[in-house]
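The structure appears right after this line, and notes come after that.
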Amino acid sequence: MFTKTITYIGRRTIDFTAEVGRGFIMFGHTLSWSIRPPFNLRNIFQQMEAIGVNSLPVVVIMAMFTGMVLAIQTYTGFKRFNAENFMGTVVALSITRELGPVLTGLIVAGRAGAAMAAELGTMRVTEQIDALVTLATNPIKYLVVPRFLAGFLMLPLLTAVADFIGIIGGYLIAVHLLDANPVIYIRMTTKYVELNDIYGGLLKAGVFGIIISTVSCYKGFYTQGGAEGVGKATTGAVVLSMMLVLIANYFLAALLFR
Amino acid sequence: MRGTFWVIEIINLHKSFNNHHVLCGANLRVERGETMVVIGGSGSGKSVLIKHVIGLLTPDEGSVVVDGVDISHLREKDLNEFRKKYGMLFQAAALFDSLTVWENVGFGLMQHTSLSKDEIWEIAKRKLEMVGLKGNEDLMPSELSGGMRKRVGLARAIAMEPEIILYDEPTTGLDPIMADAINDLIVEMKKRLNVTAIAITHDMVSAYKIGDRIAMLYDGKILEVGTPDEIKKSANPVVQQFITGSSVGPIRTV
C-alpha cells in the first residue's frame with residue numbers, strides 16, 4: 001500500500017515534469033520557427049480570422065454587458081458614500097486593466113483554444129500531422145506557428161475593442177439610466193485613466209494570447225487515442241489555458257501595476 | 001542488379017512503446033524497383049516498421065539505410081531533403097480536410113517548389129487523372145467516398161515524382177472491387193513510375209497481386225521473405241497459418 005502510493009506519486013511527478021518539459025520544448029521550437037522565413041501568410045491570416053474576427057461578436061457582447069453591469073454596481077456602491085462622480089474612473093480602470101484582457105482571454109480560450117486543440121487533435125489521430133511530415137513539411141512551422149502568431153496579435157486587438165465597447169456600455173448606463181452628468185463622467189474617465197493602464201492591459205492580453213495558443217496547440221498536437229482523445233485534449237486545453245490565464249494575470253498585474 | 005544494390009535496408013530495428021517491445025531486431029532489404037509487401041497480424045508492428053522507413057519514428061536501436069545513408073540519425077533538415085524522394089499513402093488516406101482535393105495533391109509542390117498555382121493545378125489534375133478521378137479537383141475531402149479518398153491519397157503520394165512509395169494498408173476498409181482497383185493502381189504506378197515500394201497489409205489477395213516479394217513480420221522480427229510463390233509454399237507453420245487465415249496454429253489469437 002505504502003510503496004504503491006509512493007510509486008503513484010513518483011509516476012505522476014515524472015509524467016508532469018515530462019509534459020511541462022515537452023510543452024516548453026514545443027514553445028521554443030515555435031518561437032524559433034516564428035522568426036524564420038518563409039512566412040505562411042495565408043495560414044496566418046486564416047488563423048487571425050478564426051481567432052480574432054470570429055471572436056469579435058462574442059467579445060463585443062461580453063464587453064458591452066460587462067461595462068453596463070459595472071456602471072450599475074459602482075453606482076449603487078459609490079452612492080452610499082456620495083462618490084458617484086468616480087463611476088467613470090472605476091468603470092474605465094476596471095475594464096482596461098482587468099476585465100477587458102481577462103474576459104477576452106477567457107472567451108478566446110473557450111472559443112479559439114478549443115477549436116485549435118480539436119482541429120490539431122483530429123489531424124493527429126487521423127494521421128494528417130504524420131502526412132505533413134512525410135511531405136517534408138514541419139508541422140510546427142505549418143500548423144502551430146500561424147496559430148501562435150495569430151493568438152499573440154489578435155488578443156490585444158480584441159482587448160482594445162473590448163476596452164472601448166466596455167467603456168461605452170458603462171457610459172450609456174450611467175448617463176441614460178442612472179442620470180449621471182455626462183460631462184463629469186467623461187472628465188473623470190479621461191482624467192484618471194492613464195495610457196499605461198491601457199497599455200498594461202494590452203500587454204497582458206498579448207501574454208494571454210501566447211498562453212492560449214501554446215497550450216491549445218500543445219494539447220492538440222500530442223493528442224492520443226481517437227475521438228475520446230480529441231475530446232480530452234479539447235477539454236484539457238480549455239481548462240489549462242483558462243487556469244494559466246488567471247494565474248498569469250495575477251503575476252502580471254502585480255508586476256505591471258504596482 | 002539483383003543482390004548487389006539495396007535501396008532500403010532495415011537493420012536490426014528495435015522499438016518499444018511503454019515497455020511494450022514492438023520491434024525486436026527486424027531486418028529487411030528492399031531492392032531498387034521492387035514492391036515489397038510486409039504482412040503480419042494486427043498490432044504486429046507493421047505500421048511501426050513502415051514509419052521508421054520515412055523517419056516518422058526513430059529507432060531505439062538499429063538503423064534504416066536508404067541509398068547508403070542512415071536516415072535514422074539524420075538531422076531534420078537533411079531528413080526532409082530525403083523525404084522529398086518519398087510518397088506515402090496512409091491507411092485512411094490522411095487527406096488535409098481543410099484543403100480541396102487538388103490542393104491536397106499539390107501540397108508538396110506548393111511547399112517545396114516555386115511552381116505557380118496554375119502549374120501546380122495542372123500537375124494535380126494530371127495526377128488525379130492517373131488515379132481515375134478526373135473532374136473532382138475542387139471537391140473537399142469530406143465529400144469523397146473511402147475509395148476516392150485513397151485514390152486522392154495516392155495522387156498526393158505520387159505528385160512529387162517519388163522514388164519510393166510507402167503504402168500503409170492500401171486496401172483496408174474498402175470493398176473487394178474497390179480494393180482490387182487500388183491494387184491495379186499500385187501495380188500500374190510501379191510500371192509507369194518505376195518506383196520502389198513497401199506496402200504493409202494483412203490482405204493476402206492484395207499481397208499476392210502487388211508484391212514482387214513478401215515478408216512476414218511476426219514477434220517483432222521478419223520471419224520469412226520470399227516471392228509470392230515461395231511464401232505460398234512456405235514450410236513455416238506461422239506463415240502457413242497466416243496466409244491461409246486459420247485460427248488454428250502457432251499464432252496466438254488472444
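Naming: A, B, ... by sequence-line order, numbering from 1 per chain.
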So which pairs with a foot in residues 99-128 of chain A pass side chain to side chain donor-acceptor pair (under 3.5 Å), sequence neighbours left out? S55(A)-R111(A), E119(A)-R147(A), T126(A)-Q128(A), E127(A)-K51(B), Q128(A)-D97(B)

Could you have a look at L79(B), L95(B), L166(B) and say which one has the most heavy-atom pairs with chain A under 4.5 angstrom? L95(B)

Who among Y86(B), F96(B), F82(B) has the most heavy-atom pairs with chain A under 4.5 Å? F96(B)

Between E76(B) and K141(A), is there a salt bridge with N-O shorter than 4.0 Å? no

Look at atom [atom1] of [X] and say whether more than 12 heavy atoms of other residues, nucleotides or ligands are closer to it than 6.0 Å.
| X | atom1 | value |
| --- | --- | --- |
| F24(A) | CZ | no |
| K232(A) | NZ | no |
| E143(B) | CD | yes |
| Y199(A) | OH | no |
| E228(A) | CD | no |
| F152(A) | CZ | no |

Between A131(A) and F90(B), which heavy-atom pair has the shortest distance, and what is it? CA-CE1, 3.4 Å

Residue pair Q111(B) / T137(A): nearest heavy atoms and the distance that separates them: CG-OG1, 3.6 Å

Can you tell me how far CG of L135(A) sits from CD1 of I54(B), rounded to the nearest 0.5 angstrom? 8.0 Å

Distance from N43(A) atom CG to S98(B) atom OG, nearest 0.5 Å? 8.0 Å

So which residue, D130(A), N138(A), I129(A), ends up with the most heavy-atom pairs under 4.5 Å with chain B? D130(A)

Report yes if some heavy atom in the side chain of F107(B) is under 4.5 Å from a heavy atom in the side chain of Y142(A); otherwise report no. yes

